[in-house]
S.K.: 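Have a look at the structure that comes next, please.
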Amino acid sequence: MHLARFPRRFLAHLPTPLERLDRLSAELGGPEIWIKRDDCTGLSTGGNKTRKLEFLMAEAEMQGADMVMTQGATQSNHARQTAAFAAKMGLACHILLEDRTGSNDANYNNNGNVLLDHLHGATTEKRPGGGDMNAEMEAVADRFRAEGRKVYTIPGGGSNPTGALGYVNCAFEMLGQFNERGLRVDHIIHATGSAGTQAGLITGLKAMNAGIPLLGIGVRAPRAKQEENVFNLAVATAEKLGCAGVVDRADVVANTEYVGEGYGIPTEGGMQAIAMFAELEAILLDPVYSAKGAAGFIDLIRKGHFKKGERVVFLHTGGAAALFGYDQAFDFAGRWQAAG
Ligand SMILES: Cc1ncc(COP(=O)(O)O)c(C=O)c1O
């Protein structure tokens, strides 16, 4: 497999660190916990979208775009990383923000990722929740095209086969780190949403015959839908890479029991996870994605799904910029100790 065949803009800070979390491992008394720091990919506080954008934005450049468009929820990390990447490349950026939560909170609507979108010079438009956002985006892109702009559109979350190459690359990078450091890894776990992270990872892991099971913790869709989305994208990514058929349906596993009331609505378990990671390891999670992923991970450790003697890597997909849009959700002093 030869990723250098694909156009790529090398702007992410790679490789990201791989670190052992001693205090969290001791607190939970289960497996040895490691963290892959994709919250440190650079460009405006980092996160998983930066890896995808290395391939997407190179494609935009190849196609002669002078503007990129994307869409996401109000506090979308993907939107913010796209705005940052576009700023770095000198491209205009326009973003459609979907109101998926109905929150009227001023910080939710203007601070955190939204503040950074605008700081990077992106323009934004709002849409009510529940519409076909990719179709809305194409309609707006056509408006700009009619005015003479060369617009490259990026689907929500950067999740198409081009974007997923960023996580094929992450699978290579992680396996290299495990091998160099003599780490036998039993599981990798992460938050899964628009599917590109999990699809790219499973394609890369299977193509290398890594033999490491991957578990996605869902943040939005029910399990069958989430697994179908990931599998379909993995199939298309493998085809793009020239290794069609490398991913089996059984390789794609999502646990969607930690979504709570819905996308973007913080959960008790997620807020406890934020407190634990911050107080024990000085690591910042976000309430929408990485905290729900970590909440699932912590609960599965407590239920014995991941055991003492095993080594598990939590892929931190970023998102901490959203904390400043969710300050109203923080009222957790001492909560995780009480619950633990
Ligand atoms: C912080 C964070 N974690 C996880 C994800 C989920 O990744 P994916 O959309 O590739 O499934 C996202 C997506 O927006 C994210 O912003």
Side-chain angles (χ1 to χ4, degrees), residues 16 35-41 43-53 55-56 70-84 95 97-98 100 112-113 116-117 133-134 154-171 188-204 214-221 225-234 237 252 254-256 258-259 263-264 266 270 273-274 277 283-297 314-323 325-326:
T16 56
I35 191 162
K36 174 68 173 163
R37 299 292 305 270
D38 269 18
D39 56 324
C40 300
T41 52
L43 286 185
S44 193
T45 79
N48 61 342
K49 301 309 183 296
T50 304
R51 284 188 191 270
K52 300 181 184 182
L53 287 162
F55 291 92
L56 290 161
T70 197
Q71 54 90 3
T74 304
Q75 281 294 333
S76 167
N77 301 298
H78 164 68
R80 178 252 310 160
Q81 285 161 96
T82 305
I95 301 167
L97 294 177
E98 180 187 6
R100 290 189 201 159
N113 282 305
L116 298 181
D117 294 343
M133 288 295 289
N134 281 332
I154 299 175
S159 285
N160 61 17
T162 301
L165 293 178
Y167 271 87
V168 173
N169 184 41
C170 180
I188 301 172
I189 180 166
H190 66 96
T192 183
S194 67
T197 301
Q198 191 170 2
L201 282 176
I202 197 64
T203 306
L214 180 69
L215 176 63
I217 303 290
V219 299
R220 191 177 188 190
K225 180 76 190 140
Q226 186 65 22
E227 290 186 349
E228 184 192 327
N229 289 348
V230 173
F231 180 63
N232 290 341
L233 184 52
T237 306
V252 175
N255 179 328
T256 57
Y258 302 93
V259 176
Y263 174 87
I274 290 178
F277 273 67
I283 286 173
L284 299 176
L285 303 176
D286 78 289
V288 183
Y289 296 96
S290 51
K292 288 187 180 176
F297 183 29
F314 177 73
L315 170 68
H316 188 341
T317 43
L323 286 170
Y326 275 92

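All ligand and atom numbering here is 1-based and tracks the order in the structure. Remember, it's a predicted structure, so these values are computed and weren't measured experimentally. In what follows, residues are counted from 1 in the order of the sequence shown.
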S.K.: Are side-chain N/O atoms of His190 and Thr197 paired as donor and acceptor at under 3.5 Å?
M.R.: no
S.K.: Just checking, any donor-acceptor pair under 3.5 angstrom between side chains of Thr192 and Gln198?
M.R.: yes
S.K.: Once side chain to side chain contact (heavy atoms under 4.5 Å, CB included) is applied, do any residues pair with Ile35, and if so which ones, sequence neighbours excluded?
M.R.: Glu19, Leu21, Arg37, Phe277, Ile283, Phe314, His316
S.K.: Just to verify, what does Lys52 make a side-chain hydrogen bond (donor to acceptor under 3.5 Å, both in side chains) with, not counting sequence neighbours?
M.R.: Ser159
S.K.: Polar pairs, ligand 1 vs protein, N/O only, below 3.5 Å.
M.R.:
residue, atom, partner, partner atom, Å
ligand 1, 3 (N), Thr317, OG1, 2.6
ligand 1, 7 (O), Asn48, ND2, 3.0
ligand 1, 7 (O), Thr197, OG1, 3.4
ligand 1, 9 (O), Ser194, N, 2.8
ligand 1, 9 (O), Ser194, OG, 2.5
ligand 1, 10 (O), Lys52, NZ, 2.6
ligand 1, 10 (O), Gly196, N, 3.4
ligand 1, 10 (O), Thr197, N, 2.9
ligand 1, 10 (O), Thr197, OG1, 2.6
ligand 1, 11 (O), Gly193, N, 2.6
ligand 1, 11 (O), Ser194, N, 3.1
ligand 1, 11 (O), Ala195, N, 2.9
ligand 1, 14 (O), Lys49, NZ, 2.6
ligand 1, 14 (O), Tyr289, OH, 3.2
ligand 1, 16 (O), Asn77, ND2, 2.9

S.K.: For Leu53, run the side-chain contact (heavy atoms from CB on, under 4.5 Å) check against Thr82, Thr162, Asn48 and tell me which one passes.
M.R.: Thr82
S.K.: Can you list everything that forms a ring pair (Phe, Tyr, Trp, His ring centres under 6.0 Å) with Tyr326? Sequence neighbours excluded, please.
M.R.: Tyr108
